[in-house]
Structures are given as structure tokens and as C-alpha cells.
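Everything on this sheet refers to the single structure shown next.
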Amino acid sequence: MSTIGEWFCTATQMCRLLRKSTPVLVCALFAADVRAAPPTGEDEPRPQSMEVISVIGTRSDALRMPGSAEVLDERALERFGRTDIHLILSQVPGVSVREEEGYGLRPNIGMRGSGSARSARITLMEDGVNIAPAPYSAPSAYYFPTIARMSAVEVFKGPASIQNGPQTVGGVINLRSSALGETGGLLQAELGSHAERRLHARYAAGAERVSALVERHEWSSAGFRKIAQAGGDTGLDKVDSLVKLRLRSSEAAHLRQDVLLKLTRADETSRQSYLGLTEADARRRPQLRYAASALDRFDGESQTRSLRYTAGTDVHRISAVYYRNEFERNWYKSEGLDPDGSAGGNGANARRRSWGAIIAEVDAGGADADDYRRVLEGGSTTGDERIVMRDNAREYLSKGFDIRYRGDFEGERTSHRLDMGWRDHSDWEDRLQRYSDYRLDGGRLALDEIHGWGEWGVGNRLLRAQARALFIHYELDWNDWRISPGLRRESVRQSRRDWSDAARTRLASGGVRRNRFSTTLPGLSVVRRISDRLNLFAGVHKGFTPAGYSNDAAPEESLNWEWGARFRGGGGASAGALVFFNDYRNLLGMCTAESGADCEVGDAFSGRGAAVLGLELELRCALGSAAELNLSYTWSDAEFSETFDSDFFGAVRSGDAIPYVSRHHLSAALGWTLRPGWRLDAQAVYRGATCTMALCGARQRIDAQTTFGIGVQYTAGENLRAYLRGHRLGSDGAIVARQPYGAMTMAPERWVLGLAWSF
């Protein structure tokens, strides 16, 4: 079907839905003297300026939300730099992050005990549109937008997350890109440790009815890891571009209308590897990289296009967006060792050993430990030994049409807000892989043989998903109460086809899998205003994560509760305390290459029942006239509720900890205005110990870590800033993960010197 045909079909179905449901809802919910609601205050954006869809809005809006929410505005992003989303999110309670390559290129983010691997268990959005490469087919975030070009980050947990999906267990992260505004621009340049360079340029121009924005971000680094014997670059090169064009009606028009075209493109080459270190090397030489991974390289290219139409009055507002996201990548990386050449002769019966198994044997001092250590450290391969490399090639497409309605109404003693939305979405992941064999000669990799694409039927598959989602969310303000029921409906069809030949003429055995399911996700939140400064709130909602591609696999479901209080004082001071409880009926584990588990990539595994109990605390306040303090703390108790064995989770006993969920997480940030033009910021982040597997046995634990950051900034006039920032101060190369292959260590301390000119 053509694009125009898709738009027409989708719009027609939504119009029918609205025509049938709106009169019933209005009569049922607004059976009072209803008239147009007045503007809600200076924090509420007017429809004509909303070219970006926000999940929350502003910090003031977040404090009034019926649930836990956070907005990190431009000032919060600038405080410690904008390059690593892990560092930015460390100041948000309830959010867990796990570092990997040290730059935040492919983040690992979880919320309230959800899995963090590749951020696949939360909903990631940019300007209200899902940005995971394939949110239903393959949600792992192998693509993530450059955080440096964002103007704000919104984090939402709780019942209102059912307005956005598909993942609703943990919550939503919405990245807001640079907004169109007054004519002006930005030029920014940075130099940093390990030959890091960053250039950022942005310019916006426009009149009352036409405006445009062009932005470009270039980032490179030589990397901080040193490849044994071979040497070479272990850094990155990434270029990210954005173009926006907006047409809008006159501000005097009764019906205010916007049309916004948005285009982005990102190209990345990074010399990153999944091959970690033995326990001894991680402790002694944490920035080492083995020679067997010298050729590991990630190449990615992303393009996004969206066309958004918004129309509204003071009472009604409708927004419709068509989006299309394309992503292509190849991660060429070392997979393991073929000790006798059998992998090249017969892939089905190969004796290839993964690097994870090899490092485990070296750590345990097994019979072949000395031979394996020789290869890892760059010694020459002997006889038929070969290093096995693989082209992990993928293509992704995600597209759809999303339409939303908002109505604000005012009665004599009540006010009402109705949000409705409908999305028709499809995505797919296409993978076609091949193996190559290399010899090691004095620390250098030499090509021996390249095998065919899709040979042995490995990694030769197409995953597809089609989904339709509908949500209705209502807010009733009555005296000192705000009551917010909501409902989301997801209907998903998934299919997977595996072939045994590169031409895709022969299906593999069991090569067709299908899954189809629907779910209804209710939610309810209640807010009680105690005073102008204090609110109490509670909420409950059903969480959902789509199933994998095993036939008839069940999706993940949970029942999520939260109870809390928010206080808002003078001078921007605020405080919050919240207790949450997530009761998993079917905790899913999704097999990915990053997980390092003994499973087939793409399969889903049930973790049976599990429970997460937690506490979130947050405080923002001024210390005198020149200083401010931001504190956030999260305590989590995440446990499995049943005993079972799994290829993904391993041996699990009831009461074992859910992997990679730390019990304690604390972030403290202090800022001082030292004298006119000068500012000093300091930050400390503590992450408690975690288990990497449920059993938490030998070499399945990560110790507690504390890191520090500091920033000094001088502002000359209103437009010129110079700054010096230090990240991960005190880092000693501590182990941050043990998957997929061995111990992964933290990036060392990093210093950045920058200059920014706004005009």
C-alpha cells in the first residue's frame, strides 16, 4: 500500500473510532455545566508552540503528575556534559544503568527492577515517537540518538506510562530534540582525554508562520583501551544531523495549526568489542583488550523521518504523526576459538568454543587454561586453531501512524482532561550473517577463510511484527482530588522465518514461527492535595512487555503499585518520597548477543514469578543564596519467587536476586555560584553491589562503586561559556558487567575542555 493510502486508511479508522466513542465519553464524564477551560498557567505550553510532543512537559508539570515523573531540562543536561546518557540518568531515582563501552552509545537502562540489557524493557522515545530499531520485533537499543542534541530528557514511571508502549512495566524515557524558537544558534567545541573531539552547531530561523532548524553534531575519540600486541584505535566516530521545518497558522487564528517535518541521520563507526577480560586481567590491567578482538568494529547508519500535524483550540487538540525509522548496522566481532578447524568444515558439528567459556576456563584454571591464555594474550595460533569472526549484519524498519486527542473542560466545581490515542505500527528485523576464520600471528590477525552469507542457516532470518494500540486516559479534578483512570489495549501479531541458504529458497527445520496475542492494560492513579505545597498520590497499573518468537510464548505481565508524597517549596525547592511494588506474573528474559547466555538470539525465556519492592527519595533545595543541592536515592529488593532452571537465567532458587538490580543507588550533586560568571558543580554517584546471575556464585557478582564528577564554568556576558569537566573521577577500572564474554571494566576518568557560543 502506498504511503498516501496508509495515511488515508489509518485516518479513516481513527475518525470512525472518535465519532463512535466521543459522544458516549463526553456524556458519561462531563454530565455537568461544562465550558471551555482557561489557560492552566505559564508552565502549560499553548497548542501553537507544541511542535514537539512531550510525555510530561516541564518540571512544574512533573510535580503535578499523578505518578512519579522527572524532567531533566537543558540546565541539568549541561551541568556535567551531554554525551553519556548513563551519567545523565544516574541522578533520577528508580532508574538503573549499566555501563559497557564507556560512551553510552548503546545504553543499558532499566526502571524499578526491569531488565537493563540494551534498554529493551522500557519504552524509548524521541519527541513522542518510539526510537528502538524495532520496538516489537527487536527492541534492543543498538541505536540510540546522540544525547548532546537533546534539549530535555523526560522520565516517567507509574500508571500514566500506559499512554505509551509497548513496554509499560518500567516506564518511559522521552528525549526532546532541539526546539524551534527565536532566530539564533550555537557553536560548541570540546577537546578531551584520549584524543576526544566534539563539534556541535545549530541554527534556527523563522518568522511568525514559517521556521526552520539545522543541527549537526560530530564526535570522535581514539578510545581508552589498549589492544595487546596489535595496538590500534578503540574509540569512535559519530556524526548526527537534524533538520526541522515548521509551518503554522497565525496566532490570531481560532483554530491553531502546525505542520512539522523532521529528518535525522546518524552515522557511527566504533571500534568496540564484546570480548572482556579474565578476572586476573580485569584487576591488574583493566584497560586491556585482547588481540583476538583487534578487528572488532561496529558500523551503523540511521535515518528517521516524521511528518506531524497538530491542530487545536483552548479546549480541543489533535495531533497526528506519520513516522518511518530505518537502521542498518554490522557489528563485525570475534565470537570464539575453533581449536581444530571443525567450524570451517561443518558448522552444525563445530567444536567452536565461545570466549565466555574460554575465559571461564582460564579463571577456573582448567586443563586447557594455559593454551587459551596464550591465544587471548596474542600468542600465535597453532595447527588448525582459528579465531572465529562474524558479520552480525542487521537491517531494521519501524513505521506507523499515531493520532492523539486531548480535551480540556471546566465545570462549575470540576475540571476534566481526556486523552485518547491510537497507533498502527509495523516493524521488522532482517539478519543475514556470515563467519570468517583468522589465524593469530604474533598478535596480528590474518584472514584464513570467509564463509558464505547465511551458511549453516545461522543468523539467516526475518522477524516481523504488526501492532495496533489504543489508549484512553481521563483526569478529573474535584476539590482537592485528582482521579485518573486509564486503559490501554495492545494487539500484536509476530512472525519469524529462518532459512538454510543465503538465497532464502529453503526454510530451515522449524523455520516458521508465529505468535499472536492481545492484552488490556488498566491503570488508576489518585492525587490528594493536602496544601498548596504538599500532594499525596497512589497508583496501580498493569505492566506489559511483548513476547518473543517461541510459538505461543506469553508476554511479560505484572501488577505495579506506587504510593508517595511530593512537596514543593519556595525558591524551586522540592522533595518526594515514593514506595513501589512490582508483582511479576511472568518475568521474561530476552536472549541477545549482549546477554552472553547459552541460548538462541531472539528467543524469550520465562522467569516465572518475581517481585520488586522499592523506595525512591528525592530532594532539591537551596543552600543559602549561592548553592543548591540535589539528592536522589533508590532502595530496591528484587527477587525471584519460584525455583527453576533456564538457559537464560541459569539455576534459580526462590529468593535469588534478579540480576543487575542493585539494592542501593545514591546520587548527590552540589552546585555553587562562586562569583559573577563563575560556577562550580560536583557530583557523587554510589551504586551498590549487584549479582550478574541469579545464583550469585563465584565471579557472578559486581562490587559496589562510587564515582565522582566535577565541572567548572565561566560565562562571559550572556553568550560565551568556557568550561572544564571531569567524569568518573576515582574510577579504578572496576568491573561493571560480566556479560557477554568475561569481565567488562569501567571507563577511566575523563577530562573535557570546552567553549560554547550562543548567538
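The minimum heavy-atom distance linking S306 with V321 is given by the pair CB-CG2, 4.1 Å. Taking each heavy atom of G754 and E190 in turn, the nearest pair found is CA-CG, 3.9 Å. Heavy-atom minimum distance, S293 versus L275: CB-CD2, 3.9 Å. A pairwise comparison of heavy atoms in D233 and R271 identifies OD2-NH2, 2.9 Å as the closest pair. In this structure, W751 and G726 approach most closely via the heavy-atom pair CE3-CA, 3.6 Å. When every heavy atom of P133 is checked against every heavy atom of S140, the shortest pair comes out as CD-O, 3.4 Å.
No side-chain donor from either of D427 and S398 sits under 3.5 Å from a side-chain acceptor of the other. Side-chain atoms of D391 and N330 form a donor-acceptor pair, as typed in the model, at a separation below 3.5 Å. Looking only at atom types and distance, the side chain of E326 has no donor-acceptor partner in the side chain of Y143 under 3.5 Å away. Side chain to side chain, S177 and D127 meet the donor-acceptor criterion of an N or O pair below 3.5 Å. At a cut-off of 3.5 Å, with distance as the only test, a side-chain donor of E196 or W219 sits close to an acceptor on the other residue. Between the side chains of T269 and K238, no donor N or O sits under 3.5 Å from an acceptor N or O. A donor-acceptor contact closer than 3.5 angstrom is absent between the side chains of R687 and S667. No donor-acceptor contact under 3.5 angstrom links the side chains of R728 and T707, judged on distance only. For Y103 and S221, the side-chain atoms include at least one donor-acceptor pair closer than 3.5 Å. For T304 and T264, the side-chain atoms include at least one donor-acceptor pair closer than 3.5 Å. Under 3.5 Å, the side chains of N108 and E100 contain a donor-acceptor pair of N or O atoms.
At a threshold of 4.5 Å between non-hydrogen side-chain atoms, the residues E70 and Q91 do not count as touching. Counting heavy atoms from C-beta on, the side chains of I710 and L729 come closer than 4.5 Å. Side-chain atoms of L72 and V92, non-hydrogen and from C-beta on, do get closer than 4.5 Å to each other. Residues D237 and E268 fail the side-chain proximity criterion, which asks for heavy atoms closer than 4.5 Å. Counting heavy atoms from C-beta outward, Y136 and P166 have side chains that approach closer than 4.5 Å. Side-chain contact between N325 and L397 is absent, with no heavy-atom pair separated by less than 4.5 Å. V712 has its side chain within reach of W678: a pair of non-hydrogen atoms, C-beta onward, lies under 4.5 Å apart. Residues L277 and L288 have side chains in contact (heavy-atom distance under 4.5 Å, counting atoms from C-beta outward).
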If you apply the rule side-chain contact (heavy atoms from CB on, under 4.5 Å), what do you find for I173 with T123, and how did you get there?
CA-CA 6 Å; I173 292 179; T123 295; over 6 Å; no
Please step through side-chain contact (heavy atoms from CB on, under 4.5 Å) for the pair M744 and R738, ending with a clear verdict.
CA-CA 6 Å; M744 311 295 287; R738 294 185 179 277; over 6 Å; no
Evaluate R721 against Q713 for side-chain contact (heavy atoms from CB on, under 4.5 Å), listing each step before the verdict.
CA-CA 7 Å; R721 292 183 295 115; Q713 177 176 286; 3.3 Å; yes
Does the side chain to side chain donor-acceptor pair (under 3.5 Å) test come out yes or no for Y290 and D281, once each step is laid out?
CA-CA 10 Å; Y290 294 130; D281 284 336; 2.6 Å; yes
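Residues that satisfy the side chain to side chain contact (heavy atoms under 4.5 Å, CB included) test with D732, not counting sequence neighbours, are A734. Looking at residues two or more places apart in sequence or on another chain, you find a side chain to side chain contact (heavy atoms under 4.5 Å, CB included) between I147 and I85, I88, M150, V153, L175. Listed by chain and number, the residues in a side chain to side chain contact (heavy atoms under 4.5 Å, CB included) with H200 are R149, L186, Q188, R198, R202, E215, H217 (sequence neighbours excluded).
Under a 4.0 Å N-O distance rule, the pair R750/D84 does not qualify as a salt bridge. A salt bridge links R176 and E154; the closest N-O separation between the charged side-chain nitrogens and carboxylate oxygens is under 4.0 Å. A salt bridge links E78 and R725; the closest N-O separation between the charged side-chain nitrogens and carboxylate oxygens is under 4.0 Å. Remark: R79 does not engage D73 in a salt bridge, criterion side-chain N to carboxylate O under 4.0 Å. In this structure, K262 pairs ionically with E126, as a charged nitrogen and a carboxylate oxygen lie closer than 4.0 Å. Under 4.0 Å is where a charged nitrogen must lie from a carboxylate oxygen, and between R679 and E628 at least one such pair does.
Looking only at distances, a side-chain donor or acceptor of T745 sits under 3.5 Å from a matching main-chain atom of P286. A distance-only check finds no donor-acceptor pair linking the side chain of S662 to the backbone of T690 [under 3.5 Å]. In this structure a side-chain-to-backbone donor-acceptor pair under 3.5 Å is present from S731 to A747. Here the side chain of W331 pairs a donor or acceptor atom with the backbone of Q272 at under 3.5 angstrom. Between the side chain of S114 and the main chain of G170, no donor-acceptor pair closer than 3.5 Å is present. Between the S90 side chain and the L87 main chain, a donor and an acceptor come within less than 3.5 Å of each other. Between the side chain of N392 and the main chain of Y332, no donor-acceptor pair closer than 3.5 Å is present.
No cation-pi contact links R329 to F327, judged by a cut-off of 6.0 Å to the six-membered ring centre and 45° from its axis. R305 forms no cation-pi arrangement with Y323, by the criterion of a distance under 6.0 Å to the ring centre and an angle within 45° of the ring axis.
Considering R106, R297, E101 as possible partners of S270, the one that fulfils the side chain to side chain donor-acceptor pair (under 3.5 Å) test is R106. For the pairing with K333, the side chain to side chain contact (heavy atoms under 4.5 Å, CB included) check across Y741, Y274, W355, F298 returns one residue only, Y274.
In this structure, F759 has its ring center closer than 6.0 angstrom to the ring center of W757.
For R284, the CZ atom counts as densely surrounded, since its 6.0 Å shell holds more than 12 non-hydrogen atoms of other residues, nucleotides or ligands.
Note that the OG atom of S116 and the CE atom of M111 stand 12.0 Å from one another [nearest 0.5 Å]. In this structure, CD1 on I122 lies 11.0 Å from NZ on K157, to the nearest 0.5 angstrom. Between the CZ atom in R663 and the OG1 atom in T634 there is a gap of 13.5 Å [rounded to 0.5 Å]. The distance from atom OG of S178 to atom CD of E74, rounded to the nearest 0.5 Å, is 7.0 Å.
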